[in-house]
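Report on one structure; see the data block that follows.
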4 protein chains.
Amino acid sequence: MERSGLINLNDLIGSATDINKSNEPMTRREKSKAEKLQQIRSAALLVFLEKGYHKAAISDILRYTNLARGTFYLYYQDKSQIFDDLLADLYKDITLSLGQLEIENQKSKKAFYEQLKNLARTLLDVFRRHEKLVIILVSSSIGRDSVFDRRVEGFYEILTEVIRVLASRGIESGYLKPHNTLLLSRLLIGGLKEFIFQWLVKKRYTDDLEAEIESIVFIFMKGVEQ
Amino acid sequence: MERSGLINLNDLIGSATDINKSNEPMTRREKSKAEKLQQIRSAALLVFLEKGYHKAAISDILRYTNLARGTFYLYYQDKSQIFDDLLADLYKDITLSLGQLEIENQKSKKAFYEQLKNLARTLLDVFRRHEKLVIILVSSSIGRDSVFDRRVEGFYEILTEVIRVLASRGIESGYLKPHNTLLLSRLLIGGLKEFIFQWLVKKRYTDDLEAEIESIVFIFMKGVEQ
Amino acid sequence: MERSGLINLNDLIGSATDINKSNEPMTRREKSKAEKLQQIRSAALLVFLEKGYHKAAISDILRYTNLARGTFYLYYQDKSQIFDDLLADLYKDITLSLGQLEIENQKSKKAFYEQLKNLARTLLDVFRRHEKLVIILVSSSIGRDSVFDRRVEGFYEILTEVIRVLASRGIESGYLKPHNTLLLSRLLIGGLKEFIFQWLVKKRYTDDLEAEIESIVFIFMKGVEQ
Amino acid sequence: MERSGLINLNDLIGSATDINKSNEPMTRREKSKAEKLQQIRSAALLVFLEKGYHKAAISDILRYTNLARGTFYLYYQDKSQIFDDLLADLYKDITLSLGQLEIENQKSKKAFYEQLKNLARTLLDVFRRHEKLVIILVSSSIGRDSVFDRRVEGFYEILTEVIRVLASRGIESGYLKPHNTLLLSRLLIGGLKEFIFQWLVKKRYTDDLEAEIESIVFIFMKGVEQ
DNA sequence: CATGAATGAGGATTCATTCAT
DNA sequence: AATGAATGAATCCTCATTCAT
């Protein structure tokens with residue numbers, strides 16, 4: 001019996017900037033550095049949320065800290081780098097969460113459906129934990145060729161790939177109709193993105209989120225099942 | 001038997017700017033002015049496409065024409081106005097196309113399904129005719145509060161409303177399960193947006209567009225039918 | 001017995017732009033031209049009043065007419081010229097009014113005092129007739145070297161000269177102390193200007209204007225009498 | 001016996017911007033910054049003097065320094081702010097000077113008259129020390145609603161109020177006729193303004209300034225005395 | 001004469017980034 | 001390492017004036 005995390009996300013995510021991986025204790029200087037870094041990160045998240053990534057100026061971010069303008073450049077080279085850094089956290093969480101979502105070969109269509117619901121709930125939880133960043137992601141452009149836009153796109157690619165793999169297994173097992181899995185997954189991700197946008201940015205659907213999510217999964221499952 | 005356009009889009013769209021309705025012949029001067037207007041419009045479309053609306057500077061647009069900086073302001077007051085103007089064209093086309101898509105009260109689930117496919121194909125055609133603008137729309141940020149973002153959002157609202165009305169009829173007629181129609185329509189629009197993005201921006205799915213669209217409609221229909 | 005207008009103002013005023021001095025009947029074309037001229041003049045007066053001379057743009061003036069931008073330059077070369085033209089009217093009125101204010105050699109201090117009051121009342125009436133222009137004059141900068149500023153200054157020079165001449169006569173006749181007449185006149189003009197400003201621009205002192213004016217003349221007369 | 005400064009000017013003036021009150025020694029950097037500030041202030045004063053406040057461009061000011069365009073905005077937000085800053089210096093001086101001009105309840109008309117002369121001389125001295133700024137003030141428009149115009153007007157209001165209070169006391173003590181004190185003070189301020197204008201801007205009356213001032217006070221006193 | 005489209009110089013302001021301290 | 005003053009390119013916008021029609 002196969003037993004593994006859903007998917008190896010590290011392949012997809014690539015090298016998220018990792019600062020301070022080592023477990024050695026920090027010197028005072030390092031601690032101070034880590035604190036400053038954290039100040040900048042928190043401030044950036046707030047500013048991106050308020051003004052949107054593109055309109056956010058580095059000086060806006062610094063205004064929320066008590067650091068000098070030049071200090072920013074000791075930690076990051078530009079705006080896109082700090083966004084990458086913020087994103088890395090989300091990626092780490094997704095990786096962990098989906099990794100823990102252990103998957104068995106589904107014994108039945110029902111089990112497959114349950115797994116799909118589990119996945120949805122898991123993602124929902126991750127998004128809740130990273131609400132600010134997810135808002136920034138779902139209300140941002142994709143497709144242009146700035147570093148930022150590629151990052152946002154990358155985020156969706158990861159989600160798409162997760163769905164695609166799951167759909168492939170469903171088709172292999174004969175639970176799902178043999179659709180184009182990429183199309184399937186994009187369709188679901190698109191719907192999901194719209195849903196998250198309405199939920200987090202527009203603050204709609206706040207009544208019974210779980211039920212709504214279940215509806216979505218149900219519709220999708222019914223739409224694609226064998 | 002009721003027979004009417006699908007939906008009165010004029011209510012949603014508002015008065016698209018109408019220039020040059022009169023049939024009187026233009027003087028040479030007026031013709032030159034109209035040409036300059038067209039130059040600016042074309043240039044703006046290109047620049048928005050290349051750099052994205054937010055990064056596009058008015059001087060970028062003017063660089064594509066051989067006009068002086070001040071000239072822009074003879075035609076538009078700012079960047080948002082020219083975008084509105086471009087959008088008005090698309091809206092006019094959508095209005096016309098959907099208006100011609102006459103709808104009968106569906107006699108059967110099958111007829112309802114056909115109608116859904118018709119709608120999808122019609123929108124597809126419109127989008128093909130306005131490819132550049134649609135690319136700009138699907139690859140732009142929403143959720144911030146600039147004029148631009150409200151326009152983009154408005155575009156999706158229109159599409160969402162069209163789907164929502166159709167879904168309502170389907171539910172009333174007993175062909176569809178009584179889902180939350182707003183959720184349904186957002187879900188489909190989200191998926192569609194993602195699809196259009198992949199198709200127009202990423203240039204994927206170019207093999208058999210009609211078949212892909214049919215797949216989408218099929219999945220959606222199957223997912224929500226009674 | 002000497003009998004003459006108070007002063008020959010034409011010497012002071014110089015060549016106010018005089019258009020249409022001849023009495024020959026106007027052709028239709030000339031009439032149309034005169035009308036356009038009048039349109040511009042009225043519009044300019046309003047705009048100068050609202051925005052102040054310096055902030056007034058030529059296009060502001062033209063917006064109040066139904067003339068094209070280029071047309072302005074058929075009548076005036078720039079903003080200062082039209083101001084000169086407006087001023088010429090006021091000058092003409094002052095000249096006329098003061099010219100009619102016939103002056104005898106004052107037989108007594110009392111008569112001299114009456115004459116001073118007459119002068120004040122006369123000026124007051126002129127200012128009332130040209131309220132808008134006077135407002136523009138009293139609420140404008142002076143002392144810089146633009147054409148406009150020299151015009152404003154010229155206006156005060158005229159008034160100052162009128163007072164100075166009268167004061168000289170008063171001193172010659174022994175009714176007034178032998179003060180520096182230029183100082184005297186500037187002092188009075190300065191006070192008057194402030195008074196007019198408060199009256200016309202700030203809309204104070206509207207209760208009993210004549211009484212206030214009489215107060216001013218009284219104080220001044222008492223201050224300088226022998 | 002009452003003994004106090006003439007008037008509490010702080011009520012009228014408001015909080016003049018106070019920079020660098022602390023006595024700690026400046027670092028080299030702070031010193032350089034203070035020098036730059038001073039460069040800008042001096043340049044602004046010169047430019048305002050030459051071109052007038054309204055025609056002065058920020059780039060004109062910067063041309064007199066060797067600073068970059070953006071540097072201005074490190075010190076001031078716009079043109080009006082630097083004018084306010086310059087004005088604050090004058091206000092501080094007026095406050096100090098008039099504050100030191102201690103006033104006793106006047107025992108006689110003569111004493112009152114002396115006090116008036118003292119006031120005039122004091123103001124004259126202040127104006128001499130701030131010649132450039134005073135020139136800018138007396139040759140500027142008032143009455144429009146820009147920030148600048150309100151500042152200029154405020155300056156005259158202060159002077160007017162000083163005179164008005166003194167006149168009130170004179171009337172209370174029976175030395176002056178019971179005129180409308182506001183009218184009185186405006187009249188004197190108007191005359192004074194005109195005088196200062198001629199003296200500082202037109203460079204007249206430079207022979208015996210003290211005597212001229214004495215004349216003015218004498219005329220005024222004689223004009224209004226009981 | 002009249003028009004009004006076009007021009008382009010000129011002014012304000014912002015902001016990422018550098019670098020001397 | 002940290003600072004924050006200084007920079008200057010980039011952008012938006014206005015407006016007097018010209019000139020082909």
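Within every chain, numbering begins at 1; the chains are lettered A, B, ... in the order of the sequence lines, protein sequences first and strands thereafter.
Straight-line distance from the NZ atom of B:K33 to the C1' atom of E:dG4: 8 Å, rounded to whole Å. Separating the CD atom of B:E35 from the C1' atom of E:dA5 is a distance of 13 Å, rounded to the nearest angstrom. For D:Y75 and F:dG4, the OH to P distance is 13 Å, given to the nearest whole Å. If you measure from atom OH of D:Y76 to atom P of E:dA12, you get 16 Å, rounded to the nearest angstrom. Computed from coordinates, the C:L62 CG to E:dA5 P distance equals 14 Å when rounded to whole Å. One atom, NE2 of D:H54, and another, C1' of E:dG11, lie 16 Å apart when rounded to the nearest Å. Counting to the nearest Å, the P atom of F:dC13 and the CD1 atom of B:I61 are 11 Å from each other.
Under the 4.5 Å side-chain criterion, counting only non-hydrogen atoms from C-beta, B:L67 is not in contact with B:F72. Residues A:S59 and A:R69 meet the side-chain proximity criterion, which asks for heavy atoms closer than 4.5 Å. In this structure, the side chains of A:K36 and A:T65 stay at 4.5 Å or more apart for every pair of heavy atoms. Using a 4.5 Å heavy-atom cutoff, the side chains of B:D60 and B:Y64 are not in contact. Here the side chains of A:V47 and A:K55 are not in contact, with every heavy-atom distance at 4.5 Å or above. You'll find the side chain of B:I136 reaches within 4.5 Å of the side chain of B:F83, heavy atoms only.
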- Once base and sugar-phosphate atoms are separated, protein heavy atoms under 4.0 Å mark nucleotides 14-21 of chain F, 5' to 3', with B, S and - as B-SBB-BB
- Can you list the steps and then say if D:R41 with D:Q38 is a side chain to side chain contact (heavy atoms under 4.5 Å, CB included)? CA-CA 5 Å; D:R41 288 166 54 104; D:Q38 198 42 46; 3.4 Å; yes
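Scanning DNA chain F for stems, defined as runs of 3 or more consecutive Watson-Crick or G-U wobble pairs whose donor-acceptor distances all fall under 3.5 Å, gives the following ranges: E:2-21 with F:2-21.
Judged by distance alone, the side chains of D:Y75 and D:Q39 never bring a donor and an acceptor atom under 3.5 Å apart.
For D:K79 and D:Y53, the positive end sits near the middle of the six-membered ring, less than 6.0 Å away and at most 45° from its axis.
Among the protein residues, C:F72 comes within range of no part of the nucleic acid, since none of its heavy atoms lies under 4.0 Å from any strand.
Both D:L74 and A:L74 lie near DNA chain F, and the one whose nearest nucleotide falls closer to the 5' end is A:L74.
Contact between the side-chain N/O atoms of C:K36 and the OP1/OP2 oxygens of E:dA2 is found at a separation under 4.0 Å.
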